[in-house]
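Okay, structure first, notes after.
Order of the sequence lines sets the chain letters (A, B, ...), proteins ahead of strands, with each chain counted from 1.
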Protein chains: 2
Amino acid sequence: MPGTFDLDQQHWDLDAKLVAAAERLGQALRALLRREARRHGLSPVQLQVLIQVGQRAYPKRVGALAARFDVSAPTLSDAVAALEAKGLVVRRPAADDRRAVELELTAAGREVASRAEGWADGVTALAAALPTADKLQAFATLTALIAGLQAEGVVSVARMCRTCRFLREGTDTPYWCALLELPLEREDLRVDCPEHEPRAA
Amino acid sequence: MPGTFDLDQQHWDLDAKLVAAAERLGQALRALLRREARRHGLSPVQLQVLIQVGQRAYPKRVGALAARFDVSAPTLSDAVAALEAKGLVVRRPAADDRRAVELELTAAGREVASRAEGWADGVTALAAALPTADKLQAFATLTALIAGLQAEGVVSVARMCRTCRFLREGTDTPYWCALLELPLEREDLRVDCPEHEPRAA
DNA sequence: CAGTGTATTTAGGAGTCCTAACTATCTGGA
DNA sequence: TCCAGATAGTTAGGACTCCTAAATACACTG
């Protein structure tokens, strides 16, 4: 590496730099989440669980949530226990499977969730200033990477359209959802769809 | 939201979806780092510190590393203590400031660092399959978001060219580094430059 | 209905992450 | 010169993360 410091080392690999940038952004987002959680007297996972359980149509069981956040069941169980102790969620046996537990927000839980769910709004606002075409491109690139990681089994669940068995090519639009029977533009593709079912039997 | 489940909710905001995708990818990368660290009997932060200290030309003090990883000084101090106990780094008073501590890898530390520093190679390989133009675009978009977050003081240090006081517009190339006196293409912009100095006095 | 598998919790240990408080050292004046 | 105020780092202590292993309870299959 003659004389250019290690410029070449960073030059030779756009791929590595893209990954590094994603990592940095991820770190920033994580820090942001941590601070928001703290503001509400919660830990990061606790807040994530609270927000997720606050969404309708998503699975609200310990196992599903553990997969969603890529942690073990005991870790998530701890977080739920803490949330329950704080009076923000209620735990109840599932109707169809009494081994399982359904989570539900209490009134207090809904209150906190609604105040905290916009924790990433600052970043979203920054994104608003960028050209739509760039964002579409970046979105496609990021989801391609996520899909690749999921295919390799690195990351457990990602309920993205890109990995969903109902995603088809469209006739008038680029894509088509065979479950909802809806045409989809590129910007309609979701990152976290309640109806998602993995491809390949 | 009439009848389309919450499709519209996800439709209306490409910005939010881009952020969600970044968050997911960040989560996956974090999980990957955790596993690699585990493989070497280390914790995530310990591995990050080990790798960072293994790079030349970067600050190797506790404070700088804490800022780099967005954690408090005590947290990083703990990690360093653990690494020292494992015989992977040495702690020594800095030459110019005897309050400060310089870290250095031991032979064992270099060994582990060199085996683990490619922890994200799997993702990089996935990126290699994507078109260069897309990656350039995505890289620009991600760094724009990071720069925005840094400007807002959300994230502490990001030694990116985009926030560096030495970055100029180039004549033949899009950019120019006024410190190294080098022309820079878009793909030359760095995410973590040793020579970085923040803009604005 | 026995056997196997699944959902979750408990137990226990290393590490993360914080704030507060303390030591040692540096730095800028009077 | 000497001291007040900053700064680099550590220690202390508490809540939480994250794991594996083991237990409990229930579900499914033949």
Self-check item: Partners passing salt bridge (Lys or Arg N to Asp or Glu O under 4.0 Å) against A:Glu23 (at least two apart in sequence or in another chain)
Solution: none

Practice problem: Using the test salt bridge (Lys or Arg N to Asp or Glu O under 4.0 Å), find all partners of B:Arg38 that sit at least two apart in sequence or belong to another chain. | Solution: none

Distance check: side-chain N/O of [X] vs OP1/OP2 of [N], anything under 4.0 Å?
X	N	value
A:Arg34	C:dC17	yes
B:Lys86	C:dA14	no
A:Ser72	D:dC19	yes
B:Thr75	C:dC18	yes

Rounded to whole angstrom units, what separation is found between the [atom1] atom of [X] and the [atom2] atom of [N]?
X	N	atom1	atom2	result
B:Arg35	D:dT20	CZ	P	10 Å
B:Leu33	C:dG15	CG	C1'	13 Å
A:Asp78	C:dG12	CG	P	14 Å
A:Glu84	C:dT8	CD	P	14 Å
A:Leu83	D:dA15	CG	C1'	13 Å
A:Leu76	D:dC19	CG	P	10 Å
B:Leu65	D:dA8	CG	P	13 Å
A:Arg61	D:dC26	CZ	P	15 Å

Practice problem: Verify, without hydrogens or angle tests, whether B:Arg110 (side chain) and B:Leu105 (backbone) share a donor-acceptor contact under 3.5 angstrom. | Solution: yes

Quiz item: Counting distance only, does the side-chain N/O of A:Thr106 pair as donor-acceptor with the main-chain N or O of A:Leu88 below 3.5 Å?
Solution: yes

Exercise. Starting from the 5' end of DNA chain D, give me the residue, B:Val62 or A:Ala82, whose nearest nucleotide shows up first.
Key: B:Val62

Quiz item: When the nearest nucleotide of DNA chain D is assigned to A:Gln46 and to B:Arg38 on a heavy-atom basis, which residue is associated with the more 5' position?
Solution: A:Gln46

I'd like to know if [X] and [Y] make a salt bridge, using a cut-off of under 4.0 Å between side-chain N and carboxylate O.
X	Y	value
A:Arg115	A:Asp121	no
A:Arg92	A:Glu104	yes
A:Arg24	B:Asp70	no

Quiz item: Between D:dT17, C:dT8, C:dC18, which nucleotide gets closest to the side-chain atoms of A:Ser43?
Solution: D:dT17

Quiz prompt | Options C:dT16, C:dA20, D:dT20, nucleotide nearest the side-chain atoms of A:Pro74 | solution = D:dT20

What does the list of N/O pairs under 3.5 Å between the protein and nucleotides 23-26 of chain C look like, with a distance for each?
| residue | atom | partner | partner atom | Å |
| --- | --- | --- | --- | --- |
| C:dT25 | O2 | B:Arg99 | NH1 | 3.2 |
| C:dC26 | OP1 | B:Arg98 | N | 3.2 |
| C:dC26 | OP2 | B:Arg98 | NH2 | 3.4 |

